[in-house]
Amino acid sequence: MKNLIFISFIFFSSLVSYSQVGINKDGTAPDPSAMLDVKSTTQGMLIPRMTSAQRMAIATPAAGLLVFDNETNSFWFNGTAGWTELVTGGGTSYWSANGTDIFNNNAGNVGIGTNNPSDKLTILSSSNSFGFTHTDGTVTLGSYIGPFQGATGGWLGTKSADPLNFFTSNGGAQMTLLPNGNFGIGTATPADKLTVVNTGGFGVTHTDGTATIGTWIGNFQGVTTAKIGTKSNHALNFFTANGPSQMSLRTNGDVIVGDKDIVPFGKFTVQTTNNAYGISHLGEGGNILATRMGGTSAGIGTFSNTHMRIFANGISAITITGSNGNVGVGIDFPANKFEVNGTIRSKEVIVENINWPDYVFKENYQLPSLTDVEKFIQQHKHLPNIPSAAEIEKNGLHLGDTQKKMMEKIEELTLYIIELKKEVTELKQANQ
């Protein structure tokens, strides 16, 4: 017993003297950097082993205190925030090494920034921060949560000035988002905000399972064609401001502008309210050609100071002047209300606003004497108050005015015949 006390005294004296302890079987001194140096190639070191309840029952554990929890089968140390589990790879859970790689064979979820992960990998970060980052030193891909340029949400994209590409089957980029915001499907160089490149067939399709709308580019009847329409047996409707349909293309090819449910009258039907314009064509210089419905009338024409022309085989057939409304048939610039370069054939012609020459039969009418008429004819070679051949050739025949003057001469002839009859009667009576 005395020998044991003596050996213990020498051991503790060495601890006090050297402040280092070396435990080994080869008698080597402890490493100068270590207070305790345990060396063995056949044995290990055991630290206190206890249950979870016993570990938690330790009163005022020192920072850095290390124990082995035989319930969690792991080491625990006491830090500034309490007990922390030191997990290592094993046959049942946690991280394991495979050369320079590490892997997790845990059947549960992994959390970064959270001890309650909801998915296989859950990253919890504060708002306005990135979650994960993948970079090669130049190109950087990352996730972000928080407000950005006035919008709050989750973000996925490049942190560097590089495109964001999407691919499948370890192939090339099938969708690309450029730094300028242009998005391409089937192209890595989209020229517009959305560019879909397809070598032939449909590009964009939207469906609810029944009605389907799509865009199509490809060869159609020998011609490369771009199309947009319905792939299903439904009408194609157009609207604005999230309102009702304003234009509809039906499956039979009829086009309706207005209420899509009206009965169309022809391939193109425009529905408007009274006194509203229907179809308008705006040209250079403010020239306007339009249709208009109002009250009990319908019209088509120009609504600017320009001529309206109706063409046949590329040739102007009818012209209505914009300044005064003159109409010309075969004449581009009619000087009168109605001009025709050709023959007019009709069932009847009615001329209005003529001062019909019944004034010849009034008592105060001065009927020219036949002697005066004879002298006028000998001098001018035409009847009085009747245009000459030269005037007709130069100015044309004014139908209403000429008819009036011809009637004036007929009525004068009637008066001459009446006077001659009276004279003949008087002569007969004198002879008898």
Side-chain angles (χ1 to χ4, degrees), residues 38 44-179 183 185 188:
V38 180
M45 182 178 68
L46 287 175
I47 66 171
R49 300 169 298 283
M50 61 190 69
T51 65
S52 298
Q54 291 170 336
R55 173 174 55 80
M56 297 301 297
I58 298 175
T60 316
L65 184 67
L66 180 68
V67 299
F68 181 82
D69 190 319
N70 51 26
E71 290 186 357
T72 63
N73 197 33
S74 60
F75 290 95
W76 290 77
F77 76 94
N78 186 57
T80 56
W83 289 100
T84 301
E85 184 180 15
L86 293 175
V87 294
T88 60
T92 58
S93 62
Y94 311 124
W95 295 100
S96 300
N98 181 18
T100 58
D101 300 330
I102 63 171
F103 65 94
N104 190 296
N105 59 6
N106 182 17
N109 298 331
V110 176
I112 300 177
T114 175
N115 60 2
N116 188 27
S118 60
D119 302 288
K120 282 300 180 183
L121 175 61
T122 301
I123 300 176
L124 177 63
S125 63
S126 60
S127 185
N128 305 329
S129 63
F130 281 93
F132 73 85
T133 300
H134 178 197
T135 183
D136 64 356
T138 303
V139 181
T140 302
L141 176 71
S143 65
Y144 180 86
I145 292 178
F148 181 70
Q149 294 186 353
T152 299
W155 310 81
L156 175 67
T158 57
K159 298 173 65 177
S160 55
D162 296 283
L164 177 63
N165 298 307
F166 303 84
F167 63 93
T168 59
S169 301
N170 202 28
Q174 295 165 327
M175 294 192 301
T176 299
L177 177 61
L178 297 183
F183 190 78
I185 300 176

What residues form a side-chain hydrogen bond (donor to acceptor under 3.5 Å, both in side chains) with Asp162, not counting sequence neighbours?
Ser160
Show the nearest heavy-atom pair for residues Pro147 and Thr152, with the distance to one decimal.
CB-OG1, 3.6 Å
Just wondering, do Ile58 and Met50 contact through their side chains at under 4.5 Å, heavy atoms?
yes
How long is the gap from CD1 on Ile112 to CD1 on Ile123, to the nearest 0.5 Å?
4.5 Å
What is the distance from atom OG of Ser125 to atom OH of Tyr144, rounded to the nearest 0.5 Å?
9.5 Å
List in chain and number order the residues that pass side-chain hydrogen bond (donor to acceptor under 3.5 Å, both in side chains) with Asn78, two or more places apart in sequence or in another chain; answer none if no residue qualifies.
none
Look at the side chain of Asp136 and the backbone N and O of Thr138, then say whether any donor-acceptor pair between them is shorter than 3.5 Å.
yes
Is a side-chain donor or acceptor of Trp155 paired with a backbone partner of Gly146 at a separation under 3.5 angstrom?
yes
Derivation of the side-chain contact (heavy atoms from CB on, under 4.5 Å) call for Glu85 and Thr72:
CA-CA 9 Å; Glu85 184 180 15; Thr72 63; 4.0 Å; yes
Check step by step if side-chain contact (heavy atoms from CB on, under 4.5 Å) holds for Leu121 and Asn109.
CA-CA 6 Å; Leu121 175 61; Asn109 298 331; over 6 Å; no
Can you run down the salt bridge (charged side-chain N to carboxylate O under 4.0 Å, His left out) pairs that involve residues 44-59, sequence neighbours left out, and say none if there aren't any?
Arg55-Asp69
Shortest non-hydrogen contact between Lys120 and Gly108, atoms and distance:
NZ-O, 3.4 Å
I'd like to know whether Trp76 forms a side-chain contact (heavy atoms from CB on, under 4.5 Å) with Leu65, so could you lay out the CA-CA distance, the side-chain angles of the two residues, the decisive distance to 0.1 Å, and finally the verdict.
CA-CA 8 Å; Trp76 290 77; Leu65 184 67; over 6 Å; no
Would you compute the distance between atom CG of Leu66 and atom CZ of Phe77 and round it to the nearest 0.5 angstrom?
9.0 Å
Compile the donor-acceptor pairs under 3.5 Å between side chains in residues 163-171 and protein atoms, sequence neighbours left out, one pair per line.
unit_1, atom_1, unit_2, atom_2, d
Asn165, OD1, Thr176, OG1, 2.9
Thr168, OG1, Gln174, OE1, 2.8
Thr168, OG1, Gln174, NE2, 3.0

Mind running side chain to side chain donor-acceptor pair (under 3.5 Å) on Thr133 and Thr135 for me, showing each step along the way?
CA-CA 6 Å; Thr133 300; Thr135 183; over 6 Å; no
Using the test side-chain hydrogen bond (donor to acceptor under 3.5 Å, both in side chains), find all partners of Thr122 that sit at least two apart in sequence or belong to another chain.
none
May I have all residue pairs that pass ring-ring contact (aromatic ring centres under 6.0 Å, His included) and include part of residues 53-72, sequence neighbours excluded?
Phe68-Phe75
